[in-house]
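To keep things clear, I will list the structure first and then write my remarks on it.
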Amino acid sequence: MRFIIVIGMVATANLVSCSSTWGWARMNTYHFQAHTVELEGEKFKVYRHKTDNSLMVSPTLGATQAAPKFVDPLTLDQKLRSTAQRYLANTGRGSCRIIKGGAIQGAVYEFWFDCPG
């Protein structure tokens, strides 16, 4: 019984390390120059991919929470998606739309976009 538990723990550790290794590898395919985008009083870093139509978005280090509002607050996913869309609009690609996205590593998300034409 203990042997099965140990095997399960080792398998889980391998899966976790593979996903985080993939995340770090994917993050290294982005330009190192970050663009700062402000959304609802918070600042986020946006990185443009070197070849793909994708963006990597993360909260800035030491970011503080914006003042509470009387509406439902956005989730981290919603904030990062909105930040990516705002970056596209700010850089002259307002007609482009986010088509999919998700977490790469912790609070670092990747969003893919498509532009008409």
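- Contact record, Glu38 with Arg86: O-NH1, 2.8 Å, taken as the closest heavy-atom pair.
- For the residue pair Asp77 and Phe111, the shortest heavy atom distance occurs at O-CZ, 4.2 Å.
- Here the shortest heavy-atom pairing between Phe44 and Pro59 reads CD2-CA, 3.6 Å.
- With values rounded to the nearest 0.5 angstrom, Ser58 atom OG is found 12.0 Å from Tyr109 atom OH.
- To the nearest 0.5 angstrom, His35 atom NE2 is 8.0 Å from Thr91 atom OG1.
- Annotation: the span from Thr83 atom OG1 to Glu40 atom CD amounts to 9.0 Å, rounded to 0.5 Å.
- Of the possible donor and acceptor atoms, none in the side chain of Thr36 sits under 3.5 Å from a partner among the backbone N and O of Lys45.
- The two residues Ala34 and Tyr47 have their closest heavy-atom pair at CB-CE2, 3.3 Å.
- Using modelled atom types, one side-chain atom of Arg97 and one backbone atom of Gly94 make a donor-acceptor pair closer than 3.5 Å.
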Legend entry - Met56 and Val46: CA distance, side-chain angles, deciding distance, side-chain contact (heavy atoms from CB on, under 4.5 Å) verdict: CA-CA 6 Å; Met56 184 171 63; Val46 179; over 6 Å; no

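- Residue Val37 comes nearest to Tyr87 through the heavy atom pair CG2-CB, 4.1 Å, listed as atom of the first residue, atom of the second, then distance.
- Between the NZ atom of Lys79 and the CG atom of Leu39 there is a distance of 8.0 Å, given to the nearest 0.5 Å.
- Nearest heavy-atom pair, Leu55 versus Ala84, reported as atom, atom and distance to 0.1 Å: CD1-O, 3.7 Å.
- Considering Lys50, Arg48, His49, Glu110 as possible partners of Tyr30, the one that fulfils the side-chain hydrogen bond (donor to acceptor under 3.5 Å, both in side chains) test is Glu110.
- Here the straight-line distance linking atom OG of Ser95 with atom CG of Leu88 works out to 9.0 Å at 0.5 Å rounding.
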Inset, instruction - Applying side-chain contact (heavy atoms from CB on, under 4.5 Å), run through Phe113 and Ile99 and close with a yes or a no. - result: CA-CA 5 Å; Phe113 62 91; Ile99 53 174; 5.6 Å; no

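- At a threshold of 4.5 Å between side-chain heavy atoms, the hydrophobic network of Ile, Leu, Val, Met, Phe, Trp and Tyr places Ile98 and Val57 in one connected group.
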